[in-house]
Colleague: 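One structure, as structure tokens, below. Some questions next.
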Amino acid sequence: MDETSIAKGHDYITLFVDLEERKTLHISAGKDHKTVVDFVEVLEAKQGDRNAIKQVSCDMFPAFIKGVKENMPEAEITFDKFHIIKLINEAVDQVRREEGSYTPILKGNRYIFLKNESNLTAKQKTIKEELSMAKLNLKSIRAMQIREAFQQVYVAESTEQFEGLLNNWYYWATHSQLAPIIKVAKE
């Protein structure tokens, strides 16, 4: 499930999608926990069973979590990668901004820390390499490396490997001495 804006402003709809069948099951007005109630009512009106839903993927929006927990008792919630990366990127950018206030070399290089390597321009790749190789011990470089390590968790080939990589990442992030990174890891 995910919400989207249907027009400028704050007119939202929530989409419920079967990821395996790749089809939209239901669209509900709004983006609160009542959208889950609405979905379950429609599902059961069509002879569906809320208890048959074992997995739900959504963002970390508290209303969605509440709606799923209260209305789909058998479902486990998996937070989607896009929203997790977004939060980690915000933490990396906060580290960069704080460090940039006293480290002028970071000025104008925001996207070097937020983009994936494959999306960097040739100039950005060169600057990133120079910053990484410099013996400056930049907090921003460390924060970026933690972000990149998190993305590697998703290329795990097994559940065990995924859990191991995630646990290693979590330990690194929570022991990084970078407050924004620690905070996002603990969320």
Side-chain angles (χ1 to χ4, degrees), residues 1-4 14-22 25 31 33 35-36 39 50-99 106 109-120 124-125 128-129 131-133 137-187:
M1 58 191 278
D2 200 5
E3 84 283 351
T4 187
T14 300
L15 296 115
F16 295 83
V17 178
D18 182 328
L19 294 176
E20 290 177 0
E21 297 293 323
R22 302 184 84 163
L25 302 174
K31 66 171 194 170
H33 74 281
T35 61
V36 181
F39 167 71
R50 71 176 75 197
N51 294 313
I53 299 172
K54 304 296 182 196
Q55 291 286 326
V56 173
S57 175
C58 62
D59 62 30
M60 292 173 266
F61 186 48
F64 285 167
I65 296 168
K66 175 184 178 186
V68 170
K69 285 183 177 181
E70 291 178 356
N71 297 283
M72 298 179 198
E74 300 297 318
E76 288 186 18
I77 298 173
T78 301
F79 298 122
D80 69 67
K81 179 182 172 184
F82 172 82
H83 288 94
I84 296 171
I85 294 293
K86 180 180 177 216
L87 291 175
I88 294 171
N89 274 342
E90 289 170 358
V92 170
D93 197 42
Q94 187 176 346
V95 170
R96 182 203 56 82
R97 280 192 319 268
E98 289 170 5
E99 189 172 41
L106 297 175
N109 291 319
R110 176 180 189 211
Y111 293 103
I112 288 169
F113 299 96
L114 302 177
K115 285 182 176 182
N116 292 328
E117 183 75 22
S118 61
N119 296 329
L120 293 174
Q124 288 172 329
K125 285 180 184 179
K128 178 182 175 183
E129 188 174 320
L131 289 173
S132 297
M133 301 302 283
N137 195 27
L138 293 171
K139 294 176 183 179
S140 300
I141 292 292
R142 208 163 10 114
M144 177 190 62
Q145 290 168 336
I146 292 170
R147 177 186 65 85
E148 290 171 346
F150 180 81
Q151 290 176 294
Q152 291 305 306
V153 170
Y154 284 92
V155 298
E157 295 180 6
S158 68
T159 302
E160 294 79 21
Q161 186 182 26
F162 181 91
E163 289 173 356
L165 290 169
L166 184 59
N167 286 334
N168 290 342
W169 177 85
Y170 179 79
Y171 182 84
W172 186 19
T174 57
H175 290 78
S176 67
Q177 298 181 351
L178 302 170
I181 298 293
I182 294 168
K183 182 179 180 216
V184 78
K186 290 184 176 184
E187 287 180 354

Colleague: Using the rule given for side chain to side chain contact (heavy atoms under 4.5 Å, CB included), can you reason through Phe61 versus Asp2, listing the C-alpha separation, both sets of side-chain angles and the distance that settles it, and then say yes or no?
Modeller: CA-CA 10 Å; Phe61 186 48; Asp2 200 5; over 6 Å; no

Colleague: State, to 0.1 Å, how close Leu106 and Leu138 come at their nearest heavy-atom pair, and which atoms those are.
Modeller: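 What the structure gives for the nearest pair is CD2-CD1, 4.1 Å.
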
Colleague: Should the heavy atoms of other residues, nucleotides or ligands under 6.0 Å from NZ of Lys125 be counted, would the total exceed 12?
Modeller: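 Above 12, so yes.
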
Colleague: Given side chains that start at C-beta, do those of Asn51 and Pro73 come closer than 4.5 Å, heavy atoms only?
Modeller: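 Yes - at least one pair of side-chain heavy atoms lies under 4.5 Å apart.
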
Colleague: Would Asp59 and Glu3 count as a side chain to side chain contact (heavy atoms under 4.5 Å, CB included) if you check the C-alpha gap in whole Å, the side-chain angles of each, and the deciding distance to 0.1 Å?
Modeller: CA-CA 9 Å; Asp59 62 30; Glu3 84 283 351; 3.1 Å; yes

Colleague: Looking at every heavy atom in both Pro180 and Ala91, which two are closest together, and how far apart are they?
Modeller: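 For Pro180 and Ala91, the tightest heavy-atom pair comes out as O-CB, 3.4 Å.
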
Colleague: Between CD of Glu157 and CG of Leu165, what distance do you get to the nearest 0.5 Å?
Modeller: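 Rounded to the nearest 0.5 Å, the CD-CG separation comes to 10.5 Å.
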
Colleague: Indicate the atoms forming the closest heavy-atom contact of Ser176 with Ile182, along with that distance.
Modeller: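 Closest heavy-atom pair between Ser176 and Ile182: OG-CG1, 3.9 Å.
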
Colleague: Considering residues, nucleotides and ligands other than Lys54, do more than 12 of their heavy atoms fall under 6.0 Å from its NZ?
Modeller: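 Counting neighbours around NZ of Lys54, more than 12 heavy atoms of other residues, nucleotides or ligands fall under 6.0 Å, so yes.
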
Colleague: Can you list every side-chain hydrogen bond (donor to acceptor under 3.5 Å, both in side chains) pair that touches residues 159-171, not counting sequence neighbours?
Modeller: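 The answer is none; no pair qualifies.
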
Colleague: State the NE2-CD distance between His33 and Glu70, to the nearest 0.5 angstrom.
Modeller: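 So the NE2 of His33 and the CD of Glu70 are separated by 6.0 Å.
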
Colleague: Show the nearest heavy-atom pair for residues Thr78 and Gln55, with the distance to one decimal.
Modeller: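 Heavy-atom minimum between the residues: OG1-OE1, 3.2 Å.
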
Colleague: How many angstroms lie between NE2 in His175 and CD1 in Ile146, if you round to the nearest 0.5 Å?
Modeller: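 One gets 11.5 Å once the value is rounded to the nearest 0.5 Å.
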
Colleague: Just jot down the side-chain hydrogen bond (donor to acceptor under 3.5 Å, both in side chains) partners of Thr35, sequence neighbours excluded, or say none.
Modeller: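 Listed in chain order: nothing, the list is empty.
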
Colleague: Checking side chain to side chain contact (heavy atoms under 4.5 Å, CB included) for the pair Glu90/Asp93: CA distance, chi angles, key distance, verdict?
Modeller: CA-CA 5 Å; Glu90 289 170 358; Asp93 197 42; 5.7 Å; no

Colleague: Looking at NZ of Lys81 and OG of Ser57, how far apart are the two atoms once the value is rounded to the nearest 0.5 Å?
Modeller: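 So the NZ of Lys81 and the OG of Ser57 are separated by 12.5 Å.
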
Colleague: Are any side-chain N or O atoms of Glu99 and backbone N or O atoms of Lys139, one a donor and one an acceptor, separated by less than 3.5 Å?
Modeller: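 Yes.
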
Colleague: I'd like to know if the side chain of Asp18 and the backbone of Glu21 have a donor-acceptor N/O pair within less than 3.5 Å.
Modeller: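 Looks like yes, one N/O pair under 3.5 Å.
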
Colleague: Evaluate the ring planes of Phe162 and Tyr154, with Trp represented by its six-membered ring, and classify them as parallel (under 30°), tilted (30 to 60°) or perpendicular (over 60°).
Modeller: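 Ring orientation, 0 to 90° scale: perpendicular.
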
Colleague: Measure across Ile77 and Val68 and return the closest heavy-atom pair with its distance rounded to 0.1 Å.
Modeller: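 Nearest heavy atoms, Ile77 then Val68: CG1-CG1, 3.7 Å.
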
Colleague: Please collect all side-chain hydrogen bond (donor to acceptor under 3.5 Å, both in side chains) contacts where either partner lies in residues 141-153, sequence neighbours excluded, each pair once.
Modeller: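 Qualifying pairs: Asn89-Arg147, Asn116-Arg147, Asn116-Gln151, Lys128-Glu148, Arg147-Gln151.
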
Colleague: Given side chains that start at C-beta, do those of Phe113 and Val95 come closer than 4.5 Å, heavy atoms only?
Modeller: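 When only atoms from C-beta onward are counted, Val95 and Phe113 do not touch, as no gap falls below 4.5 Å.
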
Colleague: Can you tell me if CD on Gln177 sees more than 12 non-hydrogen neighbours from other groups inside 6.0 Å?
Modeller: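 No.
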
Colleague: Quick one: CZ on Arg96 to CD on Gln94, what's the gap to the nearest 0.5 Å?
Modeller: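 Spacing of CZ (Arg96) from CD (Gln94) equals 11.0 Å.
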
Colleague: Any non-hydrogen side-chain atom of Met60 less than 4.5 Å from a side-chain atom of Leu87?
Modeller: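 Yes, their side chains come closer than 4.5 Å.
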
Colleague: Roughly how far, to the nearest 0.5 Å, is CZ of Phe150 from CD1 of Ile85?
Modeller: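 So the gap between those two atoms works out to 5.0 Å.
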
Colleague: Shortest non-hydrogen contact from Thr14 to Lys31?
Modeller: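 The pair with the smallest heavy-atom distance is OG1-CA, 3.5 Å.
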
Colleague: Verify the neighbour count for atom CD of Glu20: are there more than 12 heavy atoms of other residues, nucleotides or ligands below 6.0 Å?
Modeller: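 Open.
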
Colleague: Passes side chain to side chain contact (heavy atoms under 4.5 Å, CB included), Phe39 versus Leu25? Steps please.
Modeller: CA-CA 9 Å; Phe39 167 71; Leu25 302 174; 4.2 Å; yes

